[in-house]
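Working notes, beginning with the structure itself.
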Amino acid sequence: MLPKIIERDDLRAFVEALLADNVVVAPIRKGEKYVFSEVETFDEIALDYNISLLSPKKFFYPQIETVLKFKIGDRPESQAITEASPVIIFGIHPCDIAATWLLDEVFKEDPADPNYLEKRKKAVLIGLNCAQPCDEFSFCRDMGSYNVEEGFDLMLTDLGEKYFVEIGSKLGEEILVEGAHFRDATSGDLKDRQAYQEKKETNFVKRIPYDTKFLPEILEESYDSLVWDAIAKRCFSCGSCNIVCPTCYCFNVTDEVAASAAEGERKRVWDSCQLAEFTEVAGGEVFREERSSRLRHRFFRKGKWLLERYGKLGCVGCGRCDRNCLVKINSVEVYTQLAGEPVQ
Amino acid sequence: MTVEEKDRAAAIFKPETGRIVAARMLTETEKFFRVVLDHGGPLGHKPGQFVEVSIFGIGEAPISICSSPTQEDSFEMCVRNVGSVTNAMHQMGAGAEIGLRGPYGNGFDMEAMKGRDVLFVAGGLGMAPARGVIKYVLDKRHDFNIVTILYGAKNPSELLFKEDLEEWQARPDCDFHVTVDRPDDSWKGNTGVITTLFRNISNIDARNAWAVVVGPPVMYKYVILEALSIGIPESRILCSLERRMKCGVGKCGHCQISNVYVCKEGPVFTYSQIKRLREGI
Ligand SMILES: Cc1cc2nc3c(=O)[nH]c(=O)nc-3n(C[C@H](O)[C@H](O)[C@H](O)COP(=O)(O)OP(=O)(O)OC[C@H]3O[C@@H](n4cnc5c(N)ncnc54)[C@H](O)[C@@H]3O)c2cc1C
Ligand code: SF4
Ligand code: SF4
Ligand code: FES
């Protein structure tokens with residue numbers, strides 16, 4: 001589908017048209033940070049946000065989600081819950097779009113997960129391109145997620161007085177009609193988009209001292225490296241890195257019983273592989289007892305195992321894990337050190 | 001998604017129900033359950049698969065099926081009381097209803113074992129999953145060659161399925177040996193760890209045999225070493241691994257070892273696979 005243009009001044013009208021009869025979530029300012037949250041007005045949206053605390057993953061895969069309702073008693077009964085309501089996610093950045101590629105693969109794999117897939121199907125993704133990296137923590141260029149060609153319904157690129165609009169799906173095309181402020185992109189617009197891209201390519205620099213296509217090999221050779229122990233010395237195993245990650249998907253399952261004690265709900269809740277209990281079995285065995293083995297597990301998942309399993313890297317280089325680590329464990333530094341290179 | 005796909009998908013966390021038709025204590029901590037599914041049909045499992053038992057309000061626990069699929073009208077489980085779900089099960093008797101998801105996991109490839117010698121090595125609660133395979137092999141005895149069973153427990157009071165053990169002991173067409181680590185006064189049999197039973201193995205054609213090894217995590221290394229040293233090829237040493245499991249369907253990540261999910265690609269792995277998994281045993 002050919003790209004479109006919307007004038008800067010018309011964006012408000014377009015978003016307001018969307019707001020009129022849809023639930024729209026978008027980045028908003030919260031203190032010093034940004035979060036994705038439901039918005040009522042165009043002015044709430046922080047179009048110039050760098051990165052949100054949590055990624056919009058939470059709209060397809062909530063931190064706590066009811067998957068079953070049950071009745072307790074002599075005749076126990078249950079009902080599967082797959083609630084999903086339509087939502088427009090406005091302003092999602094390329095790395096967070098790339099993160100959905102992996103999650104889609106995981107939850108599509110047989111047996112498919114309706115709780116995720118139904119929500120995903122009902123979500124419209126309106127992307128917002130980034131002209132420069134969020135901050136010093138971003139390594140999306142290394143992970144190849146700073147540009148995305150698919151996975152969105154619309155992708156907006158800010159070209160100053162106008163937005164360049166790429167259409168990624170039939171759904172995206174249908175939404176455009178709603179605003180009706182769009183015109184076809186001309187060759188002049190395409191040139192402007194090209195110029196934006198050239199600038200963008202110089203703004204985003206690689207930070208890992210090798211091509212990440214070698215990551216699986218570097219990790220493979222580093223399995224027994226003392227680097228894991230060295231870095232794990234300062235790790236608290238707090239699990240914050242997992243909780244903020246747009247590609248982490250591990251969960252726990254817990255039951256909650258209503259006050260009546262006659263019924264309740266089974267919930268799945270985000271979990272963290274950095275906690276020792278994550279692998280504990282009856283008898284007291286913990287399969288990744290050492291902190292370093294848990295840290296290694298996280299990096300191997302990101303850079304090797306999920307790639308082997310799903311064909312997608314488990315990391316998009318958004319830097320959230322590093323930004324939120326109390327002890328400043330830093331992915332770029334880990335990947336650098338593993339290759340025997342000095343950390344900058 | 002087609003309608004069937006949708007049904008199956010919706011079923012990830014949705015248990016079916018079954019009724020406990022028989023329950024009794026096997027030891028002080030292990031209880032035996034026979035269950036009939038409310039839909040009336042068989043569970044349709046392969047030996048070595050497991051179910052997620054669901055007790056609403058408490059949670060779920062992965063439990064091996066300890067009966068053979070040749071027994072179609074019901075299936076059996078042996079549950080050690082270690083925590084919330086297993087304790088709740090221990091409070092239940094015949095007539096109680098439980099939730100069940102599964103069967104899950106790959107199970108043992110019984111076709112591949114046909115016509116070969118089969119050596120079972122079960123330690124402790126590992127006898128639960130092993131029993132399902134042993135029963136299958138003994139029910140289809142003519143399909144297999146020499147059958148040897150080695151079983152080890154900490155002490156005589158922890159031995160599971162005593163009636164089965166007596167039957168296996170008596171059967172001329174299976175070579176059964178049992179040992180305990182700590183004998184009591186009444187114990188007249190072998191003592192020592194399970195690997196000491198390997199010297200009782202006779203006549204098996206190791207190069208063509210399969211070994212089925214199930215036990216606590218500490219057991220694997222020692223038993224695999226023995227199996228290799230009598231000449232069983234690593235691709236025919238099968239181990240059933242235990243991991244923490246929360247979903248049983250390859251999503252929750254708890255059971256992951258390297259790039260595999262034990263609940264899905266396992267719990268049965270050959271030693272050739274396990275040695276590449278590194279954190280396997
Ligand atoms: C494939 C497989 C087959 C199994 N087969 C049997 C069997 O035939 N009989 C049997 O008695 N037990 C079996 N187990 C172990 C059984 O699943 C656990 O003992 C049970 O989940 C504990 O649940 P709980 O709610 O009673 O304990 P909890 O109160 O949850 O915890 C008690 C202890 O159990 C551990 N644990 C909790 N959840 C799990 C889990 N999902 N998987 C493993 N350990 C866990 C905890 O770390 C803790 O140490 C099997 C486990 C697996 C993975
Ligand atoms: S956020 Fe940092 S300290 Fe916490 S578990 Fe992750 S790496 Fe360790
Ligand atoms: S591992 Fe860190 S940098 Fe990579 S996607 Fe997760 S949070 Fe972002
Ligand atoms: S138990 Fe959830 S992935 Fe295996």
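In the text below, chain A, chain B and the rest are named by the order of the sequence lines, each starting its count at 1.
- When all heavy atoms are compared, the tightest approach of Ile12(B) to Asp113(A) is CD1-CA, 3.6 Å.
- Contacts between Arg80(B) and chain A at a heavy-atom distance below 4.5 Å are absent for every atom of the residue.
- Residue Pro15(B) touches chain A through both its backbone and its side chain, counting heavy-atom pairs closer than 4.5 Å.
- Interface residue Glu277(A): only backbone heavy atoms are found under 4.5 Å from chain B.
- Proximity to chain B (any heavy atom under 4.5 Å) is shown, for Ser78(A), by both the backbone and the side chain.
- Both the backbone and the side chain of Phe107(A) have a heavy atom closer than 4.5 Å to some heavy atom of chain B.
- Between Glu280(A) and Arg243(B) no salt bridge is recorded (no basic side-chain N to carboxylate O distance below 4.0 Å).
- Nearest approach of Asp255(A) to Ile58(B), heavy atoms of both residues: OD2-N, 3.1 Å.
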Next on the checklist: Show, in sequence, the C-alpha distance, side-chain angles and deciding distance for Phe13(B) and Val253(A), and conclude whether the side chain to side chain contact (heavy atoms under 4.5 Å, CB included) test is met.
Outcome noted: CA-CA 10 Å; Phe13(B) 293 102; Val253(A) 180; 4.2 Å; yes
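- With a 4.5 Å cut-off on side-chain heavy atoms, Lys14(B) and Gln79(A) do not count as touching.
- The contact list for residues 258-275 of chain B toward chain A, using heavy atoms and a distance under 4.5 Å, reads Ser258(B), Asn259(B), Val260(B), Tyr261(B), Lys264(B), Glu265(B) by residue number.
- Ranked by heavy-atom pairs under 4.5 Å with chain B, the first of Val106(A), Val257(A), Asn115(A), Asn252(A) is Asn252(A).
- A cation-pi arrangement is present between Arg278(B) and Tyr223(A) under the rule of less than 6.0 angstrom and at most 45 degrees off the ring axis.
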Next on the checklist: For Cys252(B) and Arg268(A): C-alpha separation, side-chain torsions, deciding distance, then whether side chain to side chain contact (heavy atoms under 4.5 Å, CB included) applies.
Outcome noted: CA-CA 9 Å; Cys252(B) 77; Arg268(A) 72 166 164 204; over 6 Å; no
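- Annotation for Pro76(A) and Thr17(B): closest pair O-CG2, 3.8 Å, computed over non-hydrogen atoms.
- The choice from Tyr249(A), Tyr116(A), Phe278(A) that makes the most heavy-atom pairs within less than 4.5 Å of chain B is Phe278(A).
- For Glu256(A), no part sits under 4.5 Å from any heavy atom of chain B, backbone or side chain.
- Within a 6.0 Å radius of OH in Tyr210(A), more than 12 heavy atoms belonging to other residues, nucleotides or ligands are found.
- For residues 60-75 of chain A, a heavy-atom distance under 4.5 Å to chain B picks out Val67(A), Leu68(A), Phe70(A), Lys71(A), Ile72(A), Asp74(A), Arg75(A), given by residue number.
- Inter-residue side-chain proximity for Lys251(B) and Phe251(A) is flagged as met; some heavy-atom pair is nearer than 4.5 Å.
- By the neighbour-count criterion of 12 heavy atoms within 6.0 Å, atom CD of Glu308(A) is densely surrounded, having more than that number from other residues, nucleotides or ligands.
- With values rounded to the nearest 0.5 angstrom, Thr279(A) atom OG1 is found 8.5 Å from Arg244(B) atom CZ.
- Residues Glu263(A) and Phe56(B) have side chains not in contact (no heavy-atom distance under 4.5 Å, counting atoms from C-beta outward).
- Annotation: side chain of His254(B) is not in contact with side chain of Cys250(A) (no heavy-atom distance under 4.5 Å).
- Atom CD of Glu28(B) has 12 or fewer heavy atoms from other residues, nucleotides or ligands within 6.0 Å.
- Only the backbone of Ile55(B) comes within less than 4.5 Å of a heavy atom in chain A; its side chain stays farther off.
- Heavy atoms only, all atoms of each residue included: Arg266(A) and Ser54(B) are closest at NH1-OG, 2.5 Å.
- Only the side chain of Val82(B) comes within contact range of chain A, judged by heavy atoms closer than 4.5 Å.
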